[in-house]
Amino acid sequence: MSKDVLCLGIESSCDETSVAVVKNGREVLSNVIATQIDIHKKYGGVVPEIASRNHVENITYVVKEALEKASVSLEEIDAICPTYGPGLVGALLVGLSTAKAIAYASKKPLVGTHHIEGHIAANYITHKDLEPPYLCLVVSGGHSHLVHVKDYTEFEILGKTRDDAVGEAFDKVARVMGLGYPGGPVIDKLAKEGEPVYHLPRTYFENLDFSFSGIKTAVLNLVNKEKDNININNLCASFEEAVTETLTTNVLKAVKMLGLDKVAIAGGVSANSYLREKMEKMGKENNLKIYYPELVLCTDNAAMIAAAGYYNFMAGKISDLNLNAVPNLKIGD
Ligand code: KG4
Ligand code: ZN
């Protein structure tokens with residue numbers, strides 16, 4: 001039997017400081033997440049400078065706790081896998097510098113990992129049977145991509161947002177409705193009590209790109225026009241319906257175009273219960289197998305980074321210790 005491979009994942013691209021130990025890309029031994037959400041809540045969104053400072057304060061404790069919880073020593077780790085982009089540059093640098101220091105001191109390979117590839121890889125942890133090729137809809141706070149996952153480290157972008165990311169639209173719309181940050185979870189909850197009675201526009205292009213600014217502006221105009229007469233639960237349900245319809249329409253077009261039979265969703269918005277329900281329905285109607293990560297692996301965490309890092313490591317994608325943070329890193333780079 002071949003030796004188990006242990007990866008130390010380090011994630012600090014936005015407002016979670018997270019470190020994890022993952023075995024063979026699929027089994028989580030620890031996944032410690034120090035979230036800063038409560039700190040950023042009062043500003044209505046993530047403040048980059050505050051995020052960086054908090055990462056600095058947390059990172060060494062989180063590394064220590066992740067190793068302790070996994071009951072492994074640093075000597076037993078095979079690869080150090082930090083997120084090096086995309087994300088907030090100051091935030092990324094904290095995790096990346098820590099990873100470089102650990103890699104240098106312990107003489108372990110450094111495996112720089114793409115944040116979005118991490119979100120996709122979260123599915124490998126939840127679904128031990130999932131193997132490429134498949135289509136992945138990545139919907140997070142900063143990104144909305146339709147990705148053809150050709151192999152574990154081979155990706156093709158089929159479509160992306162031309163303006164707001166889906167999570168960003170959830171957060172902005174929630175702010176307009178006075179629901180606080182982050183908007184996704186609260187909209188998810190309130191929508192369950194409402195009906196999609198407000199008509200919101202859907203935008204489609206000839207290719208598989210997305211646009212959510214029209215939906216967002218329509219919500220803003222409705223709130224300004226109707227003021228106190230607006231039914232927030234109904235507006236949340238209408239917003240979710242419009243966004244989900246746009247997403248599932250493009251997913252279906254893409255799988256038909258490529259002849260794929262497996263669809264995964266990933267990123268913070270893949271936690272959304274209405275999106276999951278509609279994806280399941282679409283799967284049943286079209287003979288597609290639908291995958292999504294367990295809730296804790298949908299939003300930012302280091303276990304998903306260690307999982308993606310494992311496949312990079314196995315493919316021989318070792319980084320130089322000069323690796324820098326790349327805030328706008330493209331997928332597949
Ligand atoms: O993937 P993520 O943790 O961070 C980025 O990489 O951007 O995603 C965060 C986003 C936020 O915009 C948040 O509002 C959204 O995910 N989100 C949700 C839900 N939970 C988190 N959106 C819709 N429904 C949810 N249940
Ligand atoms: Zn993310």
Side-chain angles (χ1 to χ4, degrees), residues 9-18 20 31 33-38 40-41 44-46 48 51 55 82-88 91-92 95 113-123 136-145 147 160-161 164-177 179-192 194 212 215-216 219 236-237 239-244 246-247 264-279 292-308 327-329 331:
I10 301 184
E11 159 63 33
S12 69
S13 67
C14 192
D15 58 349
E16 334 279 352
T17 320
S18 181
N31 187 22
I33 306 169
T35 181
Q36 305 174 13
I37 285 184
D38 283 342
H40 297 281
K41 244 185 187 140
V46 179
H55 285 310
T83 303
Y84 75 106
L88 303 168
L92 285 166
T113 298
H114 193 292
H115 182 77
I116 300 299
E117 294 175 14
H119 274 301
I120 295 170
N123 280 290
C136 188
L137 172 69
V138 185
V139 275
S140 74
H143 306 271
S144 303
H145 286 53
V147 184
K160 56 182 182 311
T161 182
D164 293 339
V166 187
E168 191 183 353
F170 267 92
D171 294 340
K172 286 181 178 167
V173 160
R175 192 185 311 166
V176 168
M177 292 192 274
L179 301 176
Y181 172 84
V186 56
I187 290 180
D188 193 346
K189 194 164 153 247
L190 298 181
K192 290 196 175 93
F212 301 103
I215 302 176
K216 183 191 70 186
V219 172
C236 288
F239 172 76
E240 271 190 357
E241 192 197 44
V243 167
T244 303
T246 312
L247 294 172
I265 49 175
V269 184
S270 67
N272 186 265
S273 43
Y274 186 75
L275 175 64
R276 288 173 170 219
E277 189 187 310
K278 288 290 164 185
M279 289 289 293
Y292 39 81
E294 60 215 82
L295 280 179
V296 67
L297 298 177
C298 288
T299 43
D300 291 349
N301 68 89
M304 68 183 199
I305 301 300
N328 58 355
L329 184 66
I331 203 161

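Position 1 is the first residue of the sequence; numbering continues from there. All values below come from the heavy atoms of this structure, side chains included, with hydrogens, waters and symmetry mates left out. Order of appearance sets the numbers: ligands from 1, and atoms from 1 within every ligand.
- Protein heavy atom in closest approach to atom 22 (N) of ligand 1: Gly184 CA, 3.2 Å.
- Near His119, with a cut-off below 4.0 Å to any heavy atom, the atoms of ligand 1 are 1 (O), 6 (O).
- Residue Val269 comes nearest to Leu275 through the heavy atom pair O-CD2, 3.7 Å, listed as atom of the first residue, atom of the second, then distance.
- A salt bridge links Asp188 with Lys192: the closest approach of a Lys/Arg side-chain nitrogen to an acidic carboxylate oxygen falls below 4.0 angstrom.
- For the atom pair CG (Leu179) and CG (Leu190), the distance works out to 6.0 Å, reported to the nearest 0.5 Å.
- For atom 24 (N) of ligand 1, the closest heavy atom belonging to the protein is Asn272 ND2, 3.1 Å.
- Note: no N/O pair closer than 3.5 Å links Pro182 and ligand 1 by distance alone.
- In the vicinity of Asp171, heavy-atom distances shorter than 4.0 Å reach the ligand 1 atoms 11 (C), 12 (O), 13 (C), 14 (O).
- Atom 2 (P) of ligand 1 has Asp300 OD1, 3.3 Å as its closest protein atom, hydrogens excluded (heavy atom only).
- In this structure, Gly183 and Ala174 approach most closely via the heavy-atom pair CA-CB, 3.3 Å.
- Contact atoms of ligand 1 toward Ser140: 1 (O), 5 (C), 6 (O), 7 (O) (distance under 4.0 Å to a heavy atom of the residue).
- Contact check for Asp15 versus Tyr181: side-chain heavy atoms found under the 4.5 Å cut-off.
- For atom 26 (N) of ligand 1, the nearest protein heavy atom (residue, atom name, distance) is Asp188 OD2, 2.9 Å.
- Listed by number with element, the atoms of ligand 1 under 4.0 angstrom from any heavy atom of Gly142 are 7 (O).
- For Cys14 against Ala91, the heavy-atom pair with the smallest separation is O-CB, 4.0 Å.
- The shortest separation from a heavy atom of His115 to ligand 1 is under 4.0 Å, placing the residue in contact.
- Between Glu117 and Met304 the shortest side-chain heavy-atom distance does not fall below 4.5 Å.
- Atom 9 (C) of ligand 1 has Gly141 N, 3.7 Å as its closest protein atom, hydrogens excluded (heavy atom only).
- The closest side-chain heavy-atom distance from Val166 to Thr161 is not below 4.5 Å.
- The minimum heavy-atom distance linking Arg276 with Leu295 is given by the pair NH2-CD2, 3.8 Å.
- Near Pro185, the atoms of ligand 1 lying under 4.0 angstrom from a non-hydrogen atom of the residue are 19 (C), 20 (N), 21 (C), 25 (C), 26 (N).
- Nearest to atom 15 (C) of ligand 1 by heavy atom, out of Cys14, Gly268, Pro86, is Gly268.
- Heavy atoms only, all atoms of each residue included: Cys236 and Met177 are closest at SG-CE, 3.8 Å.
- For His119, the N, O or S atom closest to the Zn ion (ligand 2) goes by the atom name NE2.
- Here the side chains of His119 and Asp300 are in contact, with some heavy-atom distance below 4.5 Å.
- Residue Glu16 places no heavy atom under 4.0 Å from ligand 1.
- Within the listing of ligand 1, atoms 12 (O) sit less than 4.0 angstrom from a heavy atom of Gly167.
- Summarising the geometry of Glu16 relative to Thr35, their closest heavy-atom pair is OE1-OG1, 2.7 Å, with the distance given to 0.1 Å.
- Among the atoms of His143, no N, O or S atom falls under 2.8 Å of the Zn ion (ligand 2).
- Closest approach between the Zn ion (ligand 2) and any N/O/S atom of Asp300 involves OD1.
- Atoms of ligand 1 lying under 4.0 Å from any heavy atom of Phe170, numbered from 1 in the order shown and given with element: 23 (C).
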